[in-house]
Amino acid sequence: MRWSQSFHVTLREAPGDAEVVSHRLLSRAGMIQKLAAGIYSYTPLGFRSLRKLIEIVREEMDATGAQEVDLPILQPKELWVESGRWQRYIDDGILFHLEDRKSGEFALAPTAEEAITDLVRRSVTSWRQLPFNLYQIRTKFRDEIRPRFGLLRGREFLMKDAYSFDVDQKGLDRHYEKMETAYRRIFERCGLEYALVQADSGAIGGAASEEFMVVADTGEDALVFSDAGDYGANIEKAVTAPLAEPWAGEEARPFGKADSPTPGLITCEDQARHLKTDVTRITKTMLYETIDAAGGVRVVAVLIRGDLDINEVKLPKALGVMHAKLLDEKFLPSIAGCRPGFVGPIGLKAPDGQSEVPIYLDRSMENARNVFCGANAEGLHHSNLSVKRDLKAAGVVEVATAREGDPSPTGKGTLRIKRGIEVGHIFKLGAKYSEAMKCEVADQAQKMIPLMMGCYGLGVGRTLAAAVEQSHDDDGIVWPVALAPYQCALLSLQRDAEVQRAADELYESLKTAGVEVLYDDRDERPGVKFKDADLIGFPVRIVVGAKALAKGGVEVSTRREKKAEVVPVAKVVEIVKATLAAGARTLAVFA
RNA sequence: CGGGGCGUAGCGCAGGUGGUAGCGCGGCUGCUUUGGGAGCAGCAGGUCGGCGGUUCGAGUCCGCCCGCCCCGACCA
């Protein structure tokens, strides 16, 4: 493509509302443009990169034997009521929905479990038709409570979603593994540094799930890894090996009722300093309002060691409820008789309709002895609480947030924390949707069984943005070869006829050799062309200028290293092809 | 949805106490220049987010609405 004939425009300054680097650089490079919050257009240049990624995803999905479909985005409410997700998604506020002229209600699909399950149940009647895996690459809509970060969290976004169907768990396991392998290949082909971590399955539901994360400091997710290399989990899911107990081997000392004043000290750290003890000897008592599956509301207390925090994603599952929300401070006086900071497990008054406030212990408190806890009175703590002697616990749960330096749950290594961008999420759904929607077949024993489903999402636009987050410098994007809009930029520096002719000829031979080249033939000064080439981030740059040309050469460099070599014109195509084939990290030079 | 902030030219921004809108970049024309976002001269470009109010007069003050961004709970 000749730049002078293209639509393409770059920006000197990023739009003021672009915060993260991928949004800024993709905007400045002229690859995307915002239409509304969380809604973006791809320009011809941006769409070239997107299309490359789409093609990689399609190839790898096809290679697993998955078959591509195209499901409606506009979906009738009835389908969503059937799966039970209509109300939940409406309540969460993330479903775009609208009415047709006869007042029929429709959703703009945020995901397609219902549509695919409906397609399958109408087509499949026998176990003999299974297994299979169906996928699509289509726009999804989610009215995100807070769209942000450009392509990283849009309200309209491109996603690849695949759905596998099997008659049994073993088949599902096989599909799941195949998808994991395909995802690894996709992210490797894109040249991304990624990690596979254990995850919470969230609103999609189902049992096991794992996330593919692109490692980047700007990522929204915290990831926990063992430095022994045998454990990785989203912090929402991460667990640790049991922590060392400071009270190990101690005799339980007599309980010290309200004997430890802590006036005005709210945090465990301040209280520990004042009481001349370690923060691990302070007990945090947190009150939560829980809602169970039947809609029953209850207040519960959760005790955790003062140096740890409760992980509120893990909490509902651990307590066996649907939701657990930190109790609003305004209810503390009536239940605990004090403000935050002095709440303790002894003497809590149950709210109306509840006989007592059940006390759950985080694992860190299971054997606690000789620790302080709030006395449910302003500015007062008890001392020498010994949990087994002094409390009747409703259960022990594992709800602490993992920390850098904690021991790995695998027993090997220490935990480290990195940040990441979730680009893929694979789930074993099991029979959740097939049971709700009666997607069944007759098995060999002529019994009707619900199909075992898996679902596998991959954020296509998000992956593109993640690639930029991971690979850029002060001058612009450094595209991995596989995702670059063009593999190579060709700049002609002067208007000089000799230079123009040499550049024109090189352009033709590069095209003939099958190299994707953007030829910057604009009537611009050299500085402008250099800046734009760096900003867009073509993996390889060829500069045709009077200086080198006088010696029969042109300059070739990679975006990553930027060290230009003068090479003979006749060798350019060969060198560019070899450099691209090697990932364009460093220039391939032939003797 | 709660908390904070913003909306003025294509982009980035400035416009005390009300007096009829400017700067930089970009664009167009001409000359000059040509190896890291050149220089000079000239020109074009604005319902100041919208509606209503106060006022002789509103970008500026008041009210309502809309849009956008940031911090929290959701997610590919």
Gap between atoms CZ and C1', on R24(A) and G12(B) respectively (whole Å): 10 Å
Set of ring pair (Phe, Tyr, Trp, His ring centres under 6.0 Å) partners for Y183(A), sequence neighbours left out: F212(A)
Sugar-phosphate, base or nothing in reach of E236(A), heavy atoms under 4.0 Å: nothing
Under-3.5 Å donor-acceptor pair between R462(A) side chain and C75(B) base: yes
By ring pair (Phe, Tyr, Trp, His ring centres under 6.0 Å) - contacts of Y507(A) (at least two apart): Y519(A)
5' priority, RNA chain B, between K529(A) and D17(A) [closest heavy atom]: K529(A)
Got a list of protein N/O to nucleotides 7-10 of chain B N/O distances below 3.5 Å?
none

d(CD, E210(A); P, A76(B)) in whole Å: 14 Å
Parallel, tilted or perpendicular: rings of F96(A) and F141(A) (30°, 60°): perpendicular
Test applied, salt bridge (charged side-chain N to carboxylate O under 4.0 Å, His left out); reference residue, R185(A); option that passes from E60(A), E59(A), E180(A): E60(A)
C71(B) phosphate, OP1 or OP2, under 4.0 Å from R146(A) side-chain N/O: yes
Listed pairs, N/O of protein and of nucleotides 28-33 of chain B, under 3.5 Å:
residue: U33(B); atom: O2; partner: R525(A); partner atom: NH1; Å: 2.7
residue: U33(B); atom: O4; partner: R495(A); partner atom: NH2; Å: 2.6

Sugar-phosphate only, base, or nothing, as touched by D161(A) at under 4.0 Å among non-hydrogen atoms: nothing
Sugar-phosphate only, base, or nothing, as touched by A14(A) at under 4.0 Å among non-hydrogen atoms: sugar-phosphate
Short side-chain to backbone donor-acceptor contact, E68(A) and R58(A), under 3.5 Å: no
Set of residues satisfying side chain to side chain contact (heavy atoms under 4.5 Å, CB included) with respect to T285(A), sequence neighbours excluded: T283(A), A301(A), L303(A), V343(A), P345(A)
Under-4.0 Å side-chain N/O to phosphate OP1/OP2 contact, R12(A) with G26(B): yes
Aromatic ring of F157(A) stacked on base six-ring of A76(B), 5.5 Å, 30°: yes
Sugar-phosphate, base or nothing in reach of G93(A), heavy atoms under 4.0 Å: nothing
Among C74(B), G24(B), A76(B), the nucleotide that comes nearest once only the side chain of E13(A) is considered: G24(B)
Touch class at under 4.0 angstrom, heavy-atom based, for G424(A) against every strand present: sugar-phosphate
For atom NZ of K531(A) and atom P of C11(B), their distance in whole Å: 23 Å
Sugar-phosphate only, base, or nothing, as touched by V423(A) at under 4.0 Å among non-hydrogen atoms: sugar-phosphate
Results of ring pair (Phe, Tyr, Trp, His ring centres under 6.0 Å) for H8(A) - residues two or more places apart only: W3(A)
Nucleotide nearest V313(A) (side chain, heavy atoms from C-beta), chosen from A76(B), G37(B), C74(B): C74(B)
Touch class at under 4.0 angstrom, heavy-atom based, for E144(A) against every strand present: base
Point-to-point distance, once rounded to the nearest 0.5 Å, from CD1 of I116(A) to CG of D161(A): 8.0 Å
Touch class at under 4.0 angstrom, heavy-atom based, for R541(A) against every strand present: base
Touch class at under 4.0 angstrom, heavy-atom based, for R28(A) against every strand present: base
Within 45° cone of Y486(A) ring axis and under 6.0 Å: R48(A) NZ or CZ: yes
Nearest-neighbour nucleotide for the D534(A) side chain, G36(B), C68(B), G35(B) considered: G36(B)
I145(A) CD1 to C70(B) P, straight-line distance once rounded to whole Å: 15 Å
Separation of atom CD1 in I94(A) from atom P in A73(B), rounded to whole Å: 16 Å
For H97(A), all residues meeting ring pair (Phe, Tyr, Trp, His ring centres under 6.0 Å), sequence neighbours excluded: W86(A)
Positions of residues 31-52 of chain A (non-hydrogen atom under 4.0 Å from RNA chain B), listed by number: K34(A), A36(A), A37(A)
Candidates G12(B), G35(B), A76(B) - which lies nearest the side chain of P15(A): G12(B)
By salt bridge (Lys or Arg N to Asp or Glu O under 4.0 Å) - contacts of D504(A) (at least two apart): R2(A)
Side chain of Q494(A) - closest among G35(B), C74(B), G37(B): G35(B)
Touch class at under 4.0 angstrom, heavy-atom based, for D221(A) against every strand present: base
Nearest-nucleotide pick for R148(A), side chain only, options being G35(B), G72(B), C75(B): G72(B)
ring-ring contact (aromatic ring centres under 6.0 Å, His included) contacts in which one or both residues fall within residues 32-52 of chain A, not counting sequence neighbours: H23(A)-Y40(A)
C1' atoms of G49(B) and U60(B), separation to the nearest Å: 16 Å
Rounded distance in Å - NE2 (H23(A)) to P (C11(B)): 13 Å
With D91(A) via salt bridge (Lys or Arg N to Asp or Glu O under 4.0 Å) - residues at least two apart: none
Separation of atom NE2 in H323(A) from atom P in C74(B), rounded to whole Å: 10 Å
Those residues that, when tested against K562(A), pass side-chain hydrogen bond (donor to acceptor under 3.5 Å, both in side chains) (two or more places apart): D475(A), D534(A)
